[in-house]
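Accompanying notes for the structure given below.
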Amino acid sequence: MAEYTIKVRRFQPESGEGPYWEQFNVDLDPSLSVLDGLLQAKDNEDGSLAVRCSCRAAICGSCGMKVNGQSTLGCKTQIGEAQEQADKMVGATGVSAAVADSPIRGEGADLGSAGNPIVIEPMGNMPVIKDLITDMESTHWTKIRRVTPWLLPHGEPPEREYIVDPESMIDITQSMACIQCGACVSSCLSMEADPGFIGPAALAKAYRFVGDPRDAETQERLHDLAEDPHGIYDCTHCFSCIDACPKGVAPMDQIMRLRRRAGEEGIEDPNSGHDHEIAFVKIIEKKGTLDESLLLQESFAPGVKGKLKPNRRAIREMIGSIPIAIRGIKTGKMRSLHKLIPGVHPKLPDQDDVKAIFKHAEEHNEEFNLYIKGEEGELAEEDVEKGIERSAEPAGQEADSGQ
Amino acid sequence: MPSHDVLVIGAGLAGQRAALAAAEEGVSVGIISKVHPVRSHSNAAQGGINAALNPGDSWESHAFDTIKGSDYLGDQDAVEVMTREAPEEILHLEHLGVTFHRNEEGKLGTRAFGGASAARTYYVADITGQAIMHVLYEQLMKYSEQIARYEEWFCSSLALDENGECCGVVTRNVADGQMELFEAKSVILCTGGNGQVWRPTTNALICTGDGIAMAYRAGAKLMDMEMIQYHPTTLAGKGFLITEGARGEGAHLLNANGERFMEKYAPNKMELASRDVVSRAEQTEINEGRGFPDGTVALDITVVPKKRVHEALREIVLVGRDFAGVDITREPIHIKPGNHYTMGGVKTDIDGRTDIPGLYSAGETACVSVHGGNRLGANSLLDTLIFGKRSGRDAAARAKRNDYTRPSKKVLEDEENLVANLMSREKGSGRRISEIKLELGQTMDGKVAVFRDEAGIQEALEIVKRLKEEAKTAYIDDHGSVFNQDLIAAIELGYMLDNAECTCVAALERKESRGAQYRTDYPERNDEEWLKHIDLERTDDGPELSYSEVTITQWEPQERTY
């Protein structure tokens, strides 16, 4: 058992007052969850503390919230770890994750508590109804319904099951693992900038159908999601949703899968993102490093058999970006101007090793993709093995603990 | 007054399936759930769903396994219906889009499960319940014109007309506290089980026996309420579930001496004996001092190939890591038997009809009975879907035959008075709701669990009666209208206490050991006197007992060994 102070951002809609912070002291085993801490406060001190919760085991998706600023499930975050995180944040910045914009109430406010308070807030990108309860219907669920979230097969179903590639079922099971908790939506930076963005959860749901060989509307779905200005090209690859997702769904990976499928369908990417990705990979494959001097040209006017083949839309976009580039130079954002001169890119010692990776991938017929990870299980295993190797080497240990 | 031909209460698998089946018949349907439908506890069913779909398998074999698993208390006509209709239902789900595991040929693949004589469990990794429920919710969204969804509406009582037929429901919109009387020609209760009556439990916080209590209060009979399943593999202290699929994939159970103790209790089926048998074996090892100091035994999943674990037991890897700090691919995990499933419930026939005309029930709320004394793993999802579908169809047929009979406003006024009374109690006037819940849960887990005896059950019953009195003066902190979870918890506590009382009374009455009911004072099964169901009916003095016959079609009771 250990004592913790949880600092909860509260809002009681019938009080006529604005949001405020309230601190509760709770006493529980460090292996129990932040949700357990909240429920202890609710059970013992204030039954009006509102939080949606049900399974306590990260399967129902009810208790999405922000813990120390990070979107997650309350039941999946161990309170001991949340405490360490809170201490680290205060240690690093001198301030806790809670912004001091509202009055503070509660016992922890004047008590010398056990540590820095664990900061708990409702999810972001959604209106707050009461305390930690947000309006998921008007945001999350409306977006889910936007992607026609049901299977659209053609014709009558077969007498028995549809025969499909077993790998395709495993592939979409990753997005089937989504529990609709909204943590990714809460953390989405693109949605903060564009509330109309369909968003990570709904797009992951969309991939569940696009990747399903039984669905017959794949093309229509891809056109719909690509042509909507708030669709798949609205994502900025910030990885926040991958960090936030408690189920390993990796919504951004699913968005990248949608983009790839859209590219394969010949759908034009308004951001030239697809061309850019191809250029990126091609340069690294050829040079063993990212020679940025070639990036613009390859993205916007890829060389085909010695000739440049300008992409008119891309060039328009590039011209449109000139003011940004100028501002970048002015503010010192683009310092290494010399890197843009072809041929002066510095040689790196391991360029040949990088090329070897591409060769290996090609020989083993492996797909090379910048964003999409493998199966979580494989990765976990690799990580474990790497970890063992690393811990055997003193240099590796240093790298681990030195941060 | 909102009105629907068919009103479904609860939106887990049984409720959603019932709503879809009723809508297919062309009637207007409303589905009410106290949480958003995808939060329902059907999510937690990890392992899979049984069906004799393979050419070498047969529904008779599935039915026999189920009946033997039930310790011959299952009604064989109902079991026949369930197992015969299972293959068609699996295919229906596959056609709707469930991402079932495939074999190398791209056809549906199976895994082994406890108490089954063939590998007939179909699955989606270890998120089968979640995967099916989210696909059914996709269908609810698709058919939103035919099916009105009332998400986060709480039901507090059933309305009966002058003829004693069910004609509506009193509800509370959780979001704004508005109380409303809904009118319906048929009402289907699909509110899940009552696991929260025990603590710890694998069940979600929402599993408070609402439908069982509402039906009981309205005068419907309950059946087999003594039959409460303890799952063999739950995490100590927290009660989280480790799927039976782990043992299906080959995991071993070990005591603290490292012995594979199931050899002594079920030499043939070993870890895959039925759940009551495995739970009792574990509890015996623990009680006789061969468990670990934390009152557990070990589940060793390291014997299952790693790749297979990551592919088929993905969720369990996460549960081990996040909730026990254990990498299950590298070391055994400590587990113990824990409260898991309500075999009993509202007594229904094979079309979900209860004793009250117009009132139906399906899924864990209901007792058809297909599970009898002990449910086999991967039969619960099947139960929800088959009887959800059948009750949806029959409820729709009834609605087509009948007109609305306006429910009396009095039932709404009664509920409003009840809420006003709860709100008016002064802070400190009695105990806190949470205190009473805790005492109830610990009492039931201590005295009405894997091993029971008369003195213990009697003691539990006395405590439950005292808690019922204390609940009358218990107070709540929240006096608002918006998301008043405190008020809902107080009403749920009432449901839980009714459930507990019924379980104690039935467990006391059954003076034999059968399935999940193991009486140390009556350790043998006694077919001569007790091959019958215990039915309970509400009176002002508590539940009144009666008995009903077990339906036997072609499988005479035999001695049960695994």
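Note that the structure is predicted; figures quoted are calculated from it, not measured. Hydrogens, waters and symmetry mates are skipped; everything else that's a heavy atom, side chains included, is used. Residue numbers start from 1 in every chain, and the chains themselves are labelled A, B, ... in the order their sequence lines are given, proteins ahead of strands.
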Interchain contact, [X] with chain B, by part (heavy-atom threshold 4.5 Å):
{"X": "D212(A)", "answer": "side chain"}
{"X": "I172(A)", "answer": "side chain"}
{"X": "P13(A)", "answer": "side chain"}
{"X": "E159(A)", "answer": "backbone"}
{"X": "K42(A)", "answer": "both"}

Once rounded to the nearest 0.5 Å, what's the spacing between atom [atom1] of [X] and atom [atom2] of [Y]?
{"X": "N203(B)", "Y": "S54(A)", "atom1": "CG", "atom2": "OG", "answer": "9.5 Å"}
{"X": "L32(A)", "Y": "F323(B)", "atom1": "CG", "atom2": "CZ", "answer": "10.5 Å"}
{"X": "E45(A)", "Y": "S434(B)", "atom1": "CD", "atom2": "OG", "answer": "11.0 Å"}
{"X": "K76(A)", "Y": "R321(B)", "atom1": "NZ", "atom2": "CZ", "answer": "5.0 Å"}
{"X": "E311(B)", "Y": "I170(A)", "atom1": "CD", "atom2": "CD1", "answer": "4.5 Å"}
{"X": "S31(A)", "Y": "D322(B)", "atom1": "OG", "atom2": "CG", "answer": "12.0 Å"}

Tell me the closest heavy-atom pair linking [X] and [Y], and the distance in Å.
{"X": "H134(B)", "Y": "C178(A)", "answer": "CE1-O, 3.7 Å"}
{"X": "A50(A)", "Y": "Q485(B)", "answer": "CA-OE1, 3.3 Å"}
{"X": "M176(A)", "Y": "V135(B)", "answer": "CE-CG2, 4.0 Å"}
{"X": "R160(A)", "Y": "L53(B)", "answer": "NH1-O, 3.4 Å"}
{"X": "E94(B)", "Y": "Y162(A)", "answer": "OE1-N, 3.0 Å"}
{"X": "F240(B)", "Y": "C55(A)", "answer": "CE2-O, 4.2 Å"}

What part of [X] gets within 4.5 angstrom of chain A, counting heavy atoms only: side chain, backbone, both, or neither?
{"X": "L91(B)", "result": "side chain"}
{"X": "V98(B)", "result": "backbone"}
{"X": "Q46(B)", "result": "neither"}
{"X": "E105(B)", "result": "backbone"}
{"X": "H36(B)", "result": "side chain"}

Please check this pair: side chain of [X] against backbone of [Y], looking for a donor-acceptor N/O pair closer than 3.5 Å.
{"X": "K130(A)", "Y": "F483(B)", "value": "yes"}
{"X": "R102(B)", "Y": "D165(A)", "value": "no"}
{"X": "E435(B)", "Y": "N44(A)", "value": "no"}
{"X": "Q130(B)", "Y": "A177(A)", "value": "yes"}

Any [X] side-chain heavy atom under 4.5 Å of [Y] side chain:
{"X": "I133(A)", "Y": "V482(B)", "answer": "no"}
{"X": "S481(B)", "Y": "E14(A)", "answer": "yes"}
{"X": "I144(A)", "Y": "Y137(B)", "answer": "no"}
{"X": "T99(B)", "Y": "R214(A)", "answer": "yes"}
{"X": "E152(B)", "Y": "R52(A)", "answer": "yes"}
{"X": "Y122(B)", "Y": "E161(A)", "answer": "no"}
{"X": "K247(A)", "Y": "I127(B)", "answer": "no"}
{"X": "H101(B)", "Y": "M169(A)", "answer": "no"}

Query raised in the report: Taking every heavy-atom pair that is under 4.5 Å apart, which of P149(A), S15(A), S33(A), P246(A) has the most such pairs with chain B?
Result: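 If we count pairs closer than 4.5 Å to chain B, P149(A) comes out on top.
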Report task. Go through K238(B) and D36(A) one step at a time and tell me if the salt bridge (charged side-chain N to carboxylate O under 4.0 Å, His left out) criterion holds. Result -> CA-CA 11 Å; K238(B) 299 176 187 174; D36(A) 288 320; over 6 Å; no
Report task. Against chain A, work out which of K107(B), H41(B), R432(B) has the most heavy-atom pairs shorter than 4.5 Å and name it. Result ->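 Most pairs with chain A among the choices: R432(B).
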Query raised in the report: For the candidates Q196(B), E104(B), E315(B), which exhibits the highest count of non-hydrogen atom pairs separated by less than 4.5 Å from chain A?
Result: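 That would be E315(B).
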**Report entry** Step-by-step side chain to side chain contact (heavy atoms under 4.5 Å, CB included) determination, L39(A) to L205(B)
**Finding:** CA-CA 11 Å; L39(A) 290 179; L205(B) 297 167; 4.0 Å; yes
Query raised in the report: So R149(B) and E137(A), salt bridge (charged side-chain N to carboxylate O under 4.0 Å, His left out) or not? Walk me through it.
Result: CA-CA 12 Å; R149(B) 302 192 303 272; E137(A) 171 54 30; 5.5 Å; no
Query raised in the report: Can T173(A) and R314(B) be said to form a side chain to side chain contact (heavy atoms under 4.5 Å, CB included), step by step?
Result: CA-CA 11 Å; T173(A) 294; R314(B) 187 186 148 103; 5.6 Å; no
